[in-house]
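Shown next, in structure tokens, is the structure this report addresses.
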Amino acid sequence: MAHSSLTFRIQPGGTLQGDLRVPGDKSVSHRSIMLGAIADGTTEVSGFLSAEDCLSTIKAFRQMGVHIEGPEDGRVRVHGVGLHGLKGSEAPLDLGNSGTSMRLLCGLLAGQSFDSVLFGDESLNRRPMRRVTEPLKTMGAVIETTAGGTAPLRIRGASRLHGIAYDMPVASAQVKSSLLLAGLYAAGETRVREPAPTRDHTERMLTGFGYPWRRDGDWIAVSGGGALHGTEIDVPSDISSAAFFLVGASIAPGSDVLLKHVGTNPTRTGVLDILRLMGADLQVTAERVIGGEPVADIRVRSRPLKGVVIPERLVPLSIDEFPALFVAAACAEGDTVLTGAAELRVKESDRIQVMADGLAILGIDARPTPDGIRIRGGRLRGGTVDSHGDHRIAMSFAMSALRASGEIIVHDCRNVATSFPGFVALSAGLGLGITASSGAAS
Ligand code: S3P
């Protein structure tokens, strides 16, 4: 497919100041469409993230016969077709860059009466899918992957699913959610154990749709055969998008930023804990619960950071925020050590290697290990880095310019649109000296 490349150029130095509300939470937005589609009745969503990943989910459900209005100003109306109302799509479902869409849909579609084919872009088609297809097969699903266990995925319909008890080898909310969604279609109870707590938006949202589930220690269980009832969902701002400003304002002297209406679900706030351990000045105020999800305002003011050994228990709770945290570590006094984070190697890019390569170009001593990295804080110089098409890496390096001695150029930033539309304008509005330019893809 012909597409243009996008390059960020960021002037060195500056401060971040002002109030902002970053776009809606990606995980919650995906789930609002998925559960809304298989509910009885209408679901009204506000604060929806109109970014490419969530639009891929909307498009897939439209292809399966669901009438979805919007998104318009963050509002989406999903006309649910009920648990058994989806229709097979003639065309394969293109899920773009979105791992959440592919893994959750794999579980949801394993229990349908029709066949489905799922594929994605170059990055998504490289990512491991056996982590969902293998346990789904033990539930009775029939799914084909490539020989390497990647997409395209061919899911056979009319399989009779039955509940299993699955002890997950990796702490993954996508795997957990995929199995719970398959469990809605399975005979008996589907139980999943998480080795460490992972984001629980699926469980909270099932409650919002009136579908029972239960937690028993580390085990989460649903039984098939119930019904979901359309509801209202107010999507909080994405703490993963807020993270770029939490780091940017922490590292740029003189900064003072108020992030409003940020989702602060405790399964997502590892980034706050890690930044606090590093000495960051964060104030969480106006804490409230909206539609079953905790929300707060977060004020961040710059303060010198120090390197830390990141506790492994915080890794799943901040899994998407490590590219930004690595930039914080590069600006901190001393060494930051991350272990127990091998999952970072199979995200939209190998986030350990790609960040280490970029930080090295900027003059930072960053040593990757199989399951983490050691970063020695230092002086960042200007330079040209490549995001490898990874949205979170592009935005993290953009923030690093706040402490660099020369201009930073970041290549391959087009995928910022998968999670954070308006990033350039919002960050420029706060004081980042960023411009974006497009050209033909090389
Ligand atoms: C997500 C879970 C996480 C996260 C991803 C979104 C979700 O993946 O990295 O961006 O919405 O469930 P894993 O569960 O595979 O760690």
Determine, for [X] against [Y], whether the closest basic-nitrogen to carboxylate-oxygen distance falls under 4.0 angstrom.
X	Y	value
Arg351	Asp390	yes
Lys176	Asp200	no
Lys26	Asp238	no
Lys59	Asp94	no
Arg268	Glu293	no

Handout entry: Residue of the set Val142, Leu118, Val117 for which side chain to side chain contact (heavy atoms under 4.5 Å, CB included) holds with Arg154
Key = Val117

[X] atom [atom1], neighbour heavy-atom count above 12 within 6.0 Å:
X	atom1	value
Arg276	CZ	yes
Lys137	NZ	yes
Arg345	CZ	yes
Arg156	CZ	no
Glu232	CD	no

Whether [X] side chain and [Y] backbone form a donor-acceptor pair below 3.5 Å:
X	Y	answer
Ser400	Val327	no
Arg392	Ala324	no
Arg127	Val346	yes
Tyr185	Leu83	yes
Ser89	Ala91	yes
Ser172	Val175	yes
Ser177	Ala173	yes
Arg62	Ile68	yes
Ser29	Asp25	yes
Asp297	Ala286	no

Handout entry: Under 3.5 Å side-chain donor-acceptor pair for Ser101 and Thr57
Key = yes

Exercise for the section: Assess the side chains of Glu69 and His79: does a donor N or O sit below 3.5 Å from an acceptor N or O? Expected result: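 A pair is found: one side chain offers a donor N or O, the other an acceptor, under 3.5 Å apart.
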
To the nearest 0.5 Å, what is the distance between [atom1] ([X]) and [atom2] ([Y])?
X	Y	atom1	atom2	value
Thr150	Leu124	OG1	CG	9.5 Å
Asp273	Ile310	CG	CD1	11.5 Å
Arg103	Ser98	CZ	OG	10.0 Å

Exercise for the section: Give me the ring orientation class for Phe326 and Phe322: parallel if the planes are under 30° apart, tilted from 30 to 60°, perpendicular past 60°. Expected result: tilted

Practice task
Evaluate the ring planes of Phe245 and Phe420, with Trp represented by its six-membered ring, and classify them as parallel (under 30°), tilted (30 to 60°) or perpendicular (over 60°).
Solution key: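 Aromatic pair Phe245/Phe420 classed perpendicular.
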
Handout entry: Flag side-chain contact, heavy atom, 4.5 Å: Asn265 against Val28
Key =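 No, their side chains stay 4.5 Å or more apart.
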
